[in-house]
Amino acid sequence: MNKDLTVGKPESVLWKFCLPLFASIIFQQLYNIADSLVAGKFIGENALAAVGNSYEITLIFIAFAFGCNIGCSVIVSQFFGAKDYKNMKTSVYTAMISTAVLCAVLMLFGVLFCGNLLKLIKTPSAILNDSKLYLDIYIYGLPFMFFYNMATGIFSALGDSKTPFIFLAVSSVTNIFIDIIFVKAFNMGIAGVAWATFICQGISAVLAVIVVFIRLSKIKVQQRCPVFSFIILVKLLKIAIPSILQQSFISIGNIIIQSVINEFGAGTIAGYSAAVKLNNLVITSFTTLANGISNFTAQNLGAGKSERIRDGFKAGLKMVWIISIPLVLLYFFAGKQLLYLFLDNPTNTAIHTGIMFLCILSPFYFVVSTKLVADGILRGAGLMSRFMITTFTDLILRVVLAIILSKQFGSTGIWCAWPIGWSIATTLSVIFYKKAKFHM
């Protein structure tokens with residue numbers, strides 16, 4: 001199922017490679033959506049607020065997992081495109097070992113400090129205990145999340161976007177049923193939601209890693225591959241660290257924004273928690289498509305076919321805009337109905353908050369998707385400093401404007417910060433892409 005992305009018409013290659021990635025991330029988001037849906041419908045509005053509040057902190061851990069995924073994926077893609085299978089295998093082993101060490105450190109951090117973080121972001125007392133319980137169980141499952149992300153990054157580097165889709169489709173659907181069983185039949189409350197995710201993600205991670213090593217064993221090399229290389233580790237870190245910093249600072253920014261939102265009470269938190277899940281489904285989907293474009297860029301760069309990269313940008317842009325059209329229409333005109341999936345007997349505040357959030361943000365999906373495609377090219381080409389500039393511009397603007405505008409316009413002012421940050425950062429990303437020179 002490995003696929004060479006350096007041959008064939010770029011548009012056709014990208015569509016075939018990226019569409020399974022798009023489907024995969026929809027199922028990936030079902031994990032979080034299922035947690036919020038079950039919490040909101042079967043436990044209550046405060047439970048939904050607790051899951052949403054905890055989610056902002058889980059994004060810190062997801063940021064590290066994402067960075068490891070991208071670092072491994074880009075470097076493995078370059079070696080795979082260059083047909084350097086020995087270094088490709090060593091890259092995988094090096095990434096796995098490094099990820100295990102990082103995960104252990106983060107678990108220790110989570111056990112020691114997550115409770116303090118919840119208090120720092122002004123978590124209301126009504127949802128503090130449930131938020132802490134959900135986070136504690138989530139931290140136990142960090143190894144599964146990290147190694148599953150590593151496995152999917154490796155599959156993508158090898159041009160295989162179908163295997164991750166199969167794993168995610170099965171585990172995500174299963175997660176929904178286990179969520180309901182644990183909460184409704186066993187009355188486990190928030191703990192049931194968290195343990196359901198733990199179990200399903202754990203099984204997926206173990207199976208995905210096994211398949212990775214089976215796949216690698218079928219790629220024959222002339223010499224024995226070292227299991228660790230400091231030279232390759234440095235290459236991995238050059239891609240991974242900026243990606244981790246990007247996602248980490250976005251997560252920290254989201255935590256700051258969450259603290260601003262928390263001042264408006266549980267109703268606003270619940271409405272935001274439901275709406276931001278829908279928004280994150282879109283943004284994460286576009287980010288995953290951008291990761292596929294990074295793999296396309298890296299493979300072609302490794303193969304010395306840099307002329308295909310600009311064709312890849314055009315194809316990627318066309319793809320995300322086509323996908324944006326139905327999503328914008330759905331969120332803008334049917335946002336209220338979608339919010340009721342998460343909320344059972346919601347307050348007027350919760351519904352109004354969610355509708356305003358979706359109506360303000362959704363028209364700008366065309367803008368942010370353009371940024372993410374350009375970022376995917378920059379990241380795949382290893383142009384990480386430019387990638388970081390656009391990310392921090394977006395983040396700083398969103399955080400500062402959320403704080404300022406909330407003073408003038410209440411919670412609606414917070415939502416207005418997103419489009420402004422997206423628009424300015426997108427302009428920078430496109431300029432950097434236009435001026436870039438692609439070479440190894």
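- Using a 4.5 Å heavy-atom threshold, the side chains of Leu278 and Val282 count as separate.
- When all heavy atoms are compared, the tightest approach of Trp422 to Asn279 is CH2-OD1, 4.0 Å.
- The minimum heavy-atom distance linking Cys18 with Leu289 is given by the pair O-CD2, 3.4 Å.
- Here the closest non-hydrogen pair linking Leu158 and Gln299 is C-NE2, 4.2 Å.
- A distance of 4.5 Å separates CZ of Phe213 from CE of Met96, quoted to the nearest 0.5 Å.
- Using a 30° and 60° split on the angle between ring planes, Phe230 and Phe228 fall in the perpendicular class, above 60°.
- With sequence neighbours left out, the side chain to side chain contact (heavy atoms under 4.5 Å, CB included) criterion links Leu112 to Leu108.
- Ala402 and Val260 get closest at one heavy-atom pair: O-CG1, 4.5 Å.
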Go through Gln258 and Ile269 one step at a time and tell me if the side chain to side chain contact (heavy atoms under 4.5 Å, CB included) criterion holds. CA-CA 8 Å; Gln258 182 74 50; Ile269 297 171; 3.9 Å; yes
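- Heavy-atom neighbours of Lys83 NZ from other residues, nucleotides or ligands within 6.0 Å: above the threshold of 12.
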Which donor-acceptor pairs under 3.5 Å do the side chains of residues 375-383 make with protein atoms, sequence neighbours left out?
| unit_1 | atom_1 | unit_2 | atom_2 | d |
| --- | --- | --- | --- | --- |
| Asp375 | OD1 | Thr390 | OG1 | 3.4 |
| Asp375 | OD1 | Ser429 | OG | 2.9 |
| Asp375 | OD2 | Lys371 | NZ | 2.5 |
| Arg379 | NE | Ser294 | OG | 3.4 |
| Arg379 | NH2 | Asn291 | OD1 | 2.7 |

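- Side-chain contact of Trp321 with Thr370: a donor-acceptor pair under 3.5 Å is present, judged by distance alone.
- Rounding to the nearest 0.5 Å gives a distance of 11.0 Å between NZ of Lys434 and CD1 of Ile431.
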Is there a side chain to side chain contact (heavy atoms under 4.5 Å, CB included) between Tyr331 and Leu338? Walk through the geometry before answering. CA-CA 8 Å; Tyr331 282 15; Leu338 293 172; 3.7 Å; yes
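- Across Ser91 and Leu236, no two heavy atoms sit closer than the pair O-CD1, 4.0 Å.
- In this structure, SG in Cys225 is found 9.0 Å from CG in Leu216, a value given to the nearest 0.5 Å.
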Does the pair Arg308 and Leu5 meet the rule for a side chain to side chain contact (heavy atoms under 4.5 Å, CB included), with working shown? CA-CA 10 Å; Arg308 290 170 55 86; Leu5 304 178; 5.8 Å; no
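- By the side chain to side chain donor-acceptor pair (under 3.5 Å) test, Thr94 pairs with no residue at all, sequence neighbours left out.
- If you run side chain to side chain contact (heavy atoms under 4.5 Å, CB included) between Val111 and each of Asp136, Ile139, Leu135, only Ile139 comes through.
- For Tyr433 and Phe313, the ring centers sit closer than 6.0 Å to each other.
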Would Phe364 and Val328 count as a side chain to side chain contact (heavy atoms under 4.5 Å, CB included) if you check the C-alpha gap in whole Å, the side-chain angles of each, and the deciding distance to 0.1 Å? CA-CA 8 Å; Phe364 288 86; Val328 171; over 6 Å; no
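- For Leu120, the side chain to side chain contact (heavy atoms under 4.5 Å, CB included) partners at least two apart in sequence or on another chain are Leu117.
- When side chains are defined from C-beta on, Pro419 counts as touching Ile360, because their heavy atoms get closer than 4.5 Å.
- Side-chain atoms of Ser406 come within 3.5 Å of backbone N or O of Ile403 as a donor-acceptor pair.
- Although no hydrogens or angles enter the test, the distance criterion places a donor-acceptor pair under 3.5 Å between the side chain of Lys89 and the main chain of Ile219.
- Closest non-hydrogen pair, Pro20 versus Lys16, comes out as CD-O, 3.1 Å.
- A donor-acceptor contact shorter than 3.5 Å links the side chain of Ser259 to the backbone of Ile256.
- Side-chain contact check for Tyr272 and Asn262: no donor-acceptor pair (N or O, by modelled atom type) lies under 3.5 Å.
- Expressed to the nearest 0.5 Å, how far CG of Leu428 lies from CG of Asp394 amounts to 10.0 Å.
- Of the possible polar contacts, none joining the Arg215 side chain to the Phe155 backbone as a donor-acceptor pair under 3.5 Å is found.
- Ring geometry for Tyr138 versus Tyr134: interplanar angle under 30°, hence parallel rather than tilted (30 to 60°).
- By the 6.0 Å contact criterion, CD1 on Ile322 is enclosed, its count of non-hydrogen atoms from other residues, nucleotides or ligands being greater than 12.
- In this structure, CD1 in Ile389 is found 8.5 Å from CZ in Arg386, a value given to the nearest 0.5 Å.
- Here the two rings, on Tyr148 and Phe144, have centers that are 6.0 Å apart or farther.
- Note: Phe357 CZ to Trp418 CH2 = 4.5 Å, rounded to the nearest 0.5 Å.
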Donor-acceptor list for residues 60-76 side chains, cut-off 3.5 Å, not counting sequence neighbours:
| unit_1 | atom_1 | unit_2 | atom_2 | d |
| --- | --- | --- | --- | --- |
| Asn69 | ND2 | Asn149 | O | 2.7 |
| Asn69 | ND2 | Thr152 | OG1 | 3.2 |
| Ser73 | OG | Gly153 | O | 3.1 |
| Ser73 | OG | Asn295 | ND2 | 2.5 |

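- Tyr93 is linked by a ring-ring contact (aromatic ring centres under 6.0 Å, His included) to nothing, counting only residues two or more places apart in sequence or in another chain.
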